[in-house]
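Each remark here refers to the structure printed beneath this line.
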2 protein chains.
Amino acid sequence: MNAPIVSPALTKNQALVFDALNRAEGPMSAYTILDKLRDHGFRAPLQVYRALDKLTEFGMVHRLESLNAFVACAHREHECCGGAQGHGHGTVAFAICESCNQVMEFHDHKVDHQLGDWAKSKGFKPSKTTIEIRGLCEKCAA
Amino acid sequence: MNAPIVSPALTKNQALVFDALNRAEGPMSAYTILDKLRDHGFRAPLQVYRALDKLTEFGMVHRLESLNAFVACAHREHECCGGAQGHGHGTVAFAICESCNQVMEFHDHKVDHQLGDWAKSKGFKPSKTTIEIRGLCEKCAA
DNA sequence: TTAGAGATGTAATGTTATTACATCAATTGC
DNA sequence: GCAATTGATGTAATAACATTACATCTCTAA
């Protein structure tokens with residue numbers, strides 16, 4: 001089984017981690033996830049990191065590099081352009097509110113293309129692109 | 001003294017850290033910098049982090065979020081659009097070769113605008129934007 | 001039924017970043 | 001001059017994030 005387009009069957013640990021992230025309504029660090037899952041038998045960081053690796057590979061979870069934290073993917077399945085990253089989209093971008101910690105996930109074709117064009121012009125072969133906007137969301141900026 | 005447009009006078013520690021990054025021809029972690037500067041009297045991480053904070057604030061150094069590492073800014077002074085981030089540019093983007101660790105710093109008006117437009121449409125007020133493309137540079141992809 | 005692959009559990013360690021507290025030097029206002 | 005403030009520095013300790021190493025275990029395909 002490789003690079004499934006639809007959600008694959010998850011292992012127990014993967015399902016627990018994914019569920020925790022879905023309930024969270026915001027990004028969580030690996031160690032926060034670990035704490036949430038202690039009641040379910042989790043005892044070591046590696047259990048979380050292994051599950052996160054897989055979920056990320058499946059495109060079901062994203063890592064926020066500027067936060068060292070993780071969020072469940074907010075895209076609906078089959079939405080918009082199928083990309084190299086499985087699950088149904090190309091590069092995703094994030095707007096992260098530094099006040100309320102809310103994260104907006106979005107996709108922007110033009111940005112995607114523009115960066116792709118730059119890469120092509122330089123002979124650079126992208127494997128993963130990170131776009132994160134830190135700032136204040138509408139509510140918090142008011 | 002606040003938010004200088006030209007390079008401010010650096011303190012001894014700031015100058016040492018900046019110099020180390022300039023010589024490096026590639027990103028360095030804070031602890032790598034620390035090791036390089038032990039001969040110059042550095043003994044603790046905080047000495048490095050404090051200098052990096054200031055240099056970043058001055059726009060002379062960038063943090064690569066996906067690497068937890070730092071690079072000296074590759075822009076010439078006075079080049080292109082003066083932005084909110086001092087030093088003479090708006091958002092910068094990075095292409096990071098995962099094979100040879102070379103980093104290309106660039107600026108793309110269209111991407112900048114496009115993300116700005118998205119933010120405006122959502123009422124989001126950006127403070128800092130991260131754009132990092134991981135992949136293989138032309139040489140390493142060949 | 002056994003060899004391989006993948007998932008799991010656990011401990012230990014490595015790497016990155018911050019908090020807390022003390023000191024020192026330059027500047028400002030009196 | 002000389003407090004008072006501000007900013008830079010030094011040091012130790014700790015917190016936060018992530019990986020390596022090794023031992024099982026379970027399923028499945030030959």
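Below, read A as the first sequence line, B as the second, and so on, with proteins coming before strands; counting in each chain starts at 1.
When atom types are taken as modelled, the side chain of B/T32 and the backbone of B/M28 share no donor-acceptor pair closer than 3.5 angstrom. At distances below 3.5 Å, at least one donor-acceptor pair connects side-chain atoms of B/E105 with backbone N or O atoms of B/A74. Remark: the backbone N or O of A/S66 is paired with a side-chain donor or acceptor of A/R134 at under 3.5 angstrom.
Between D/dG10 and B/Q47, a contact under 4.0 Å exists linking OP1 or OP2 to a side-chain N or O.
One can place CE of A/M28 at 15 Å from C1' of D/dC17, the figure rounded to the nearest angstrom. Rounded to whole angstrom, the span from the CG atom of B/L46 across to the P atom of C/dT23 amounts to 17 Å. The distance between atom NZ of A/K12 and atom P of D/dC25, rounded to the nearest whole Å, is 16 Å. What separates CG of A/D53 from C1' of D/dA18 is a distance of 10 Å, to the nearest Å. Atom CG in A/L34 sits roughly 13 Å away from atom C1' in C/dT10 (whole-Å rounding). Put simply, CG on B/L37 is 17 Å from C1' on D/dT11, counting in whole angstrom units. In this structure, B/R43 atom CZ and C/dA22 atom C1' are separated by 17 Å, rounded to whole Å. Here C/dA7 presents its C1' atom at 13 Å from CG of A/L10, a figure rounded to the nearest Å.
Using a 4.0 Å heavy-atom criterion, one finds that A/R50 contacts the bases of the nucleic acid, with or without backbone contacts as well.
Distance from the side chain of A/N13 is smallest for C/dG9 among the nucleotides C/dA20, C/dG9, D/dT20. The A/T11 side chain lies nearest to C/dA7 when the options are D/dT19, C/dT19, C/dA7.
Connection of A/L21 to A/F58 is established within a shared hydrophobic cluster, with ILVMFWY side chains joined at heavy-atom distances below 4.5 Å, either directly or through further cluster members.
With hydrogens and angles left out, the side-chain atoms of A/E98 and B/S127 include a donor and acceptor closer than 3.5 Å.
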Would you tabulate the pairs of protein nitrogen or oxygen atoms and nucleotide nitrogen or oxygen atoms of nucleotides 15-17 of chain C closer than 3.5 angstrom?
unit_1: C/dA17; atom_1: OP1; unit_2: B/R63; atom_2: NH1; d: 2.8
unit_1: C/dA17; atom_1: OP1; unit_2: B/R63; atom_2: NH2; d: 2.3
unit_1: C/dA17; atom_1: OP2; unit_2: B/Y49; atom_2: OH; d: 2.9
unit_1: C/dA17; atom_1: O5'; unit_2: B/Y49; atom_2: OH; d: 3.3
unit_1: C/dA17; atom_1: N7; unit_2: B/Y31; atom_2: OH; d: 2.6
unit_1: C/dA17; atom_1: N6; unit_2: B/Y31; atom_2: OH; d: 3.1

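Using cut-offs of 30° and 60° on the angle between ring planes, the pair B/W118 and A/F106 is parallel.
With ring centers used as reference points, A/F70 lies 6.0 Å or more from A/H62.
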